Amino acid sequence: MKLATWNVNSLNVRLPHVLDWLTANQPDVLCLQETKQEDSKFPYAAFSELGYHAVHIGQKTYNGVAILSRHPILNVQRNIPDFEDDQQRVLAADINGVRMVCAYIPNGQAVDSDKYQYKMRWLSALNAWLKTELTQHAKLALLGDYNIAPEDRDCHDPAAWEGQILVSPLEREAFNHLVSLGLSDSFRLFEQPEKSFSWWDYRMMGFRRNLGMRIDHILVSDALKVLCAAAYIDKAPRKLERPSDHTPVVLELNAG
DNA sequence: ATGGCCGCCTGGGGCGGA
């Protein structure tokens, strides 16, 4: 089974890229973030034509997440239970025996901002919810845009970024708190190229100069960890005309 | 990297992103 996550930065703009990528890569599941559209605008038919079921929760302008799947999508949960939030950032569903959680974790803007406080509250609520989810689902994957670079090697210039948003100690602590629930960063289960990133700023030729961050992740529970066969970042879509600033992150699982 | 891009709201700039 092939799983992937991709922050598309507007599905309205990026739909052709997503359809091309699905056709070329044939993932079983693709989680999308930042669709930036209401449910009524979501292109269910275009995905259906390629053989994909889909669930989406969205809103105008900001946020919005979707799960596309070749297998039936069951027991859908929209947003984090018992967490008051008007931002559409989470979908969870049972797919082919795996609890898939698609998350667009808040950016936080700057460590001294209200948005950072929201990010930390949000991560705390996610953690508490996943703790109970893991008691009910041995096979669980948390896929999405975490807006956290877990280690210095996930940042192109750790010295310049020290203490800043995406790398601050509290954010990394929250990431490690998720790991301590019994989750593993699937990307790091395999040997990877130096300076592997999943996001590059549109400005200053960030992609050309590889000034990026690895902030999109697929965390897996122990029951999935033993099935992991390959993990990689696909930089190809970032080279297209009018790309998303993020690029897909992929995990391949053995049957079991 | 810290103005510099992109997409969205809109019909001109401002906000959010990361």
Side-chain angles (χ1 to χ4, degrees), chain A residues 5-18 31-43 56-66 85-90 102-123 126 143-175 187 195-218 233 235 237-249:
Chain A
T5 180
W6 190 5
N7 180 325
V8 293
N9 185 20
S10 169
L11 186 56
N12 187 43
V13 173
R14 229 67 64 192
L15 181 61
H17 288 190
V18 176
C31 293
L32 302 177
Q33 300 87 37
E34 286 210 89
T35 58
K36 297 187 176 179
Q37 60 191 186
E38 293 174 324
D39 293 338
S40 60
K41 300 282 178 65
F42 188 81
H56 175 251
I57 51 165
Q59 62 193 98
K60 203 190 264 190
T61 310
Y62 303 118
N63 309 311
V65 289
D85 193 1
D86 57 7
Q87 304 189 20
Q88 308 298 304
R89 294 179 174 277
V90 167
C102 172
Y104 175 43
I105 291 171
N107 171 277
Q109 198 166 67
V111 293
D112 60 355
S113 69
D114 292 345
K115 294 189 177 69
Y116 185 81
Q117 300 299 322
Y118 167 67
K119 180 177 193 172
M120 299 315 299
R121 280 203 315 278
W122 200 96
L123 281 161
L126 176 70
L143 311 94
D145 177 358
Y146 287 56
N147 274 310
I148 301 173
E151 300 176 83
D152 278 354
R153 60 178 165 163
D154 301 315
C155 172
H156 68 92
D157 189 346
W161 276 83
E162 188 176 4
Q164 303 295 307
I165 200 69
L166 312 182
V167 305
S168 73
L170 280 178
E171 289 166 88
R172 287 178 167 175
E173 186 179 297
F175 183 89
F187 187 75
K195 301 184 187 303
S196 286
F197 306 127
S198 65
W199 168 84
W200 299 261
D201 201 308
Y202 284 122
R203 294 169 291 189
M204 289 168 280
M205 297 187 294
F207 182 65
R208 242 176 244 275
R209 299 160 65 198
N210 199 29
L211 305 179
M213 307 277 257
R214 192 177 70 93
I215 55 178
D216 301 272
H217 310 294
I218 303 177
I233 293 168
K235 290 166 76 168
R238 192 63 173 78
K239 300 170 183 170
L240 299 171
E241 290 284 317
R242 225 180 163 189
S244 169
D245 43 357
H246 297 250
T247 202
V249 174

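In this text, all values refer to a predicted model and were calculated from it rather than measured experimentally. FYI, side chains are in, hydrogens and waters are out, and symmetry mates aren't considered; it's all heavy atoms of this structure.
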Participant: Test V13(A) against R242(A) for side-chain contact (heavy atoms from CB on, under 4.5 Å), laying out the working first.
Facilitator: CA-CA 8 Å; V13(A) 173; R242(A) 225 180 163 189; 3.8 Å; yes
Participant: Identify all pairs in which a protein N or O lies below 3.5 Å from an N or O of nucleotides 8-13 of chain B, and state each distance.
Facilitator:
residue	atom	partner	partner atom	Å
dC8(B)	OP1	S10(A)	OG	2.5

Participant: Given that D157(A) and K115(A) both sit by DNA chain B, which one's nearest nucleotide is further toward the 5' end?
Facilitator: D157(A)
Participant: Which of these passes ring-ring contact (aromatic ring centres under 6.0 Å, His included) with Y146(A): F175(A), F187(A), W199(A)?
Facilitator: F175(A)
Participant: Distance criterion of 3.5 Å, no angle test: do you see the side chain of N107(A) paired donor-to-acceptor with the base of dA18(B)?
Facilitator: yes
Participant: dG17(B), OP1 or OP2 - any side-chain N/O from N7(A) closer than 4.0 Å?
Facilitator: no
Participant: Could you work out the separation of dG13(B) and dT2(B) based on their P atoms and round it to a whole Å?
Facilitator: 27 Å
Participant: Which residue pairs pass the salt bridge (Lys or Arg N to Asp or Glu O under 4.0 Å) test when at least one of the two sits in residues 201-213 of chain A, sequence neighbours left out?
Facilitator: D201(A)-R203(A)
Participant: Find the distance D201(A):CG to dG16(B):P and express it as a whole number of Å.
Facilitator: 17 Å
Participant: Round to a whole Å and report the spacing from NE2 of H17(A) to C1' of dG7(B).
Facilitator: 14 Å
Participant: Could you state the CH2-P distance from W200(A) to dC6(B), rounded to the nearest angstrom?
Facilitator: 16 Å
Participant: Distance check needed: dG17(B) P versus L166(A) CG, whole Å only.
Facilitator: 11 Å
Participant: Round to a whole Å and report the spacing from CG of D145(A) to P of dG17(B).
Facilitator: 11 Å
Participant: Would N107(A) and Y118(A) count as a side-chain hydrogen bond (donor to acceptor under 3.5 Å, both in side chains) here? Give the steps.
Facilitator: CA-CA 9 Å; N107(A) 171 277; Y118(A) 167 67; over 6 Å; no
Participant: Using a heavy-atom cut-off of 4.0 Å across all strands, would you classify Y104(A) as base, sugar-phosphate, or nothing?
Facilitator: sugar-phosphate
Participant: Which nucleotide, dG7(B), dC6(B), dA18(B), lies nearest any side-chain atom of Y202(A)?
Facilitator: dC6(B)
Participant: Rounded to the nearest Å, what distance is computed from the CE atom of residue M205(A) to the C1' atom of nucleotide dT2(B)?
Facilitator: 16 Å
Participant: Using the C1' atom as the reference point in each nucleotide, state the distance between dG3(B) and dG14(B) in Å, no decimals.
Facilitator: 15 Å
Participant: Is it the case that T35(A) and H56(A) place a side-chain donor and acceptor less than 3.5 Å from each other?
Facilitator: yes
Participant: If you compare every side-chain N and O of R203(A) against the phosphate oxygens of dG4(B) (OP1, OP2), does one of them come in below 4.0 Å?
Facilitator: yes
Participant: In whole Å, what is the span from the CZ atom of R209(A) to the C1' atom of dC5(B)?
Facilitator: 14 Å
Participant: Going from CG on N147(A) to CH2 on W122(A), what distance comes out if it is rounded to the nearest 0.5 angstrom?
Facilitator: 10.0 Å
Participant: Please report the distance separating the P of dG17(B) from the corresponding atom of dG12(B), rounded so that it comes out in whole Å.
Facilitator: 26 Å
Participant: For dT10(B) versus dG16(B), give the span between their P atoms, rounded off to a whole number of Å.
Facilitator: 15 Å
Participant: Taking salt bridge (Lys or Arg N to Asp or Glu O under 4.0 Å) as the cut-off, I'd like each qualifying pair that reaches into residues 161-175 of chain A, sequence neighbours left out, listed once.
Facilitator: K119(A)-E171(A), D152(A)-R172(A)
Participant: List the steps and the verdict of side-chain hydrogen bond (donor to acceptor under 3.5 Å, both in side chains) for S10(A) and E34(A).
Facilitator: CA-CA 6 Å; S10(A) 169; E34(A) 286 210 89; over 6 Å; no
Participant: Calculate the interatomic distance between K119(A) atom NZ and dG17(B) atom C1'; express it in whole Å.
Facilitator: 11 Å
Participant: Output the single nucleotide from dA18(B), dG17(B), dG4(B) whose closest atom is nearest the side chain of R89(A).
Facilitator: dG17(B)
